[in-house]
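Notes to accompany the following structure.
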Amino acid sequence: MGAFEIIGGKKLKGEIIPQGAKNEVLQILCAVLLTPERVEIENVPNIIDVNKLIDLLSDLGVKVEKLGDEHYAFTAENVDIEYMHSDTFKKKGSGLRGSIMIVGPLLARFGKGYIPKPGGDKIGRRRLDTHFIGFQKLGANFNYKSKENFYEVEANHLKGTYLHLDEPSVTGTANILMAASMAKGTTTLYNAACEPYIQQLCKMLNSMGAKIKGAGSNLLTIEGVDYLGGCKHRVLPDMIEIGSFIGLAAMTGSEITIKDVNYPMLGIIPDTFRRLGIKMELKGDDLYIPAQDSYEIESYIDGSIMTISDNPWPGFTPDLLSIVLVVASQAKGAVLIHQKMFESRLFFVDKLIDMGAQIILCDPHRATVIGLDHKVNLRGISMTSPDIRAGVSLLIAALSADGKSTIHNIEQIDRGYQNIDTRLQALGADIKRIS
Ligand SMILES: CC(=O)N[C@H]1[C@@H](OP(=O)(O)OP(=O)(O)OC[C@H]2O[C@@H](n3ccc(=O)[nH]c3=O)[C@H](O)[C@@H]2O)O[C@H](CO)[C@@H](O)[C@@H]1O
Ligand SMILES: C=C(OP(=O)(O)O)C(=O)O
């Protein structure tokens, strides 16, 4: 297990370029399985989860060409379906959450898709029912081998239908969308997720020849086609990284410019940070965060304490709630953080409390944060990162704290943030990788 050693309290300054979006690229990479033709993808981040998925595709027989640092081409002409029965697949397939999205494309193109229970953050129950109920409604037979935790779907052909999802699952929507794009007839997908990740997938599939309408809304209409061809796709900047950098600037009182953020695709994210009192300015497509000694959390119009909660898009993404929480710990004022989706994602506040933050965990889903207004600094401690976003929140806390902190289990951070140590060093941070 690797660790970061951080000496906090330094003001950072400079420009940072966000990586390509992790959760988008995981969908896009799975979509290459839909065609025997070559698919070129730009802005692919060099992070553990992405590299694991590329490795899995390669094991499945997909030809992988690395054309540049973040530029790849994939050709899924000869896919080895039998590989899905191997022990290696069962091991590698469970290494990340995103691998679940190979099932839809494989089912659509080869009539079968298998997957072991996928990995990802341990942040509470993470069911897959939406995916498999969707495939069944499209005509697939579903089998779950509970002893092995292995999911199987098979179908001679898929048939378009009306589907009302029980929840707007992000990876569930992507999976069903990919399967339906090659089903016979029309599929209507209601209560679909509409995160920018899904909008980008729709754009990519349409450029491959799919007929999808409604991207950006919760009602998608997919007219199935017999064949999808190659395409070229560019991945958006990672909105979760952008939110993390806004939080980093505020917590450390630093002046940071986040380059080329693709502002229109950030939705409610900038305004949510503004409600914590963080100033920012859009300069062209760069987001400039000035150094601020103090930022004050807004109250509701009637003076009551504000709540920030997660919601499916266009609501506030759950993946930034841990960042909001840590930023609030040094704001002026109080806020209630309500994490509705995941029941174990707020437990990391114990570490922030050890660092001196004023937080009450009301229940697994809600935490009240009383900001210290930078009157008292957090203090450095040794801690372990429980999940990717908590990990980055602790990293931000450590960079703002007095003294030395050590963060263990940084693989959790590395799975979603590209070279975070060297990029932060370039801003002036005192951070080093110690093992
Ligand atoms: C690889 C990937 O893309 N991972 C993202 C994806 O995971 P993933 O696609 O696995 O997450 P889902 O959208 O399926 O849902 C996540 C959890 O939230 C619950 N839920 C979902 C919708 C809802 O309206 N109410 C509700 O409570 C679900 O029951 C589930 O437990 O979307 C999550 C939700 O944005 C993000 O945290 C993950 O980073
Ligand atoms: C929870 C996340 O990722 P995953 O779904 O891959 O676990 C995340 O990106 O915040």
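Indexing begins at 1, ligand by ligand and atom by atom, following the structure's order.
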Taking only distance into account, with no hydrogens and no angle test, what donor-acceptor pairs under 3.5 Å do side-chain atoms of residues 101-120 form with protein atoms, sequence neighbours excluded?
{"from": "Arg109", "atom 1": "NH1", "to": "Leu33", "atom 2": "O", "distance (Å)": "2.8"}
{"from": "Arg109", "atom 1": "NH1", "to": "Thr35", "atom 2": "O", "distance (Å)": "3.4"}
{"from": "Arg109", "atom 1": "NH1", "to": "Ala76", "atom 2": "O", "distance (Å)": "3.0"}
{"from": "Arg109", "atom 1": "NH2", "to": "Ala76", "atom 2": "O", "distance (Å)": "2.9"}
{"from": "Tyr114", "atom 1": "OH", "to": "Glu154", "atom 2": "OE2", "distance (Å)": "2.5"}

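Protein neighbours of ligand 1 below 4.0 Å, counting non-hydrogen atoms: Asn23, Leu26, Arg97, Arg125, Arg126, Arg127, Glu167, Pro168, Ser169, Val170, Thr171, Pro312, Pro318, Asp319, Met341, Phe342, Arg345. A distance limit of 4.0 angstrom between heavy atoms and ligand 2 selects the residues Lys22, Asn23, Asp49, Arg97, Gly120, Asp121, Ile123, Arg126, Asp319, Arg345, Ile388, Arg389, Arg415.
Contacts classified as salt bridge (Lys or Arg N to Asp or Glu O under 4.0 Å) and involving residues 30-45 (residues at least two apart or in different chains) are given here: Arg38-Glu40, Arg38-Glu65, Glu40-Lys232, Glu42-Arg234.
Between Lys63 and Glu77, none of the side-chain N atoms (NZ, or NE/NH1/NH2) sits under 4.0 Å from a carboxylate O, so this pair counts as no salt bridge. Between Arg433 and Asp421, at least one side-chain N (NZ, or NE/NH1/NH2) sits under 4.0 Å from a carboxylate O, which counts as a salt bridge. Remark: Asp387 does not engage Arg415 in a salt bridge, criterion side-chain N to carboxylate O under 4.0 Å.
The aromatic rings of Phe316 and Phe273 sit perpendicular to each other, their planes meeting at more than 60°, with 30° as the lower class boundary. Aromatic ring pairs are classed by plane angle as parallel below 30°, tilted from 30° to 60° and perpendicular above 60°; the pair Tyr162 and His164 is perpendicular.
Between the side chain of Asn419 and the main chain of Thr422, no donor-acceptor pair closer than 3.5 Å is present.
Relative to the six-membered ring of Tyr151, Lys145 misses at least one condition, a distance below 6.0 Å or an angle of at most 45° to the axis.
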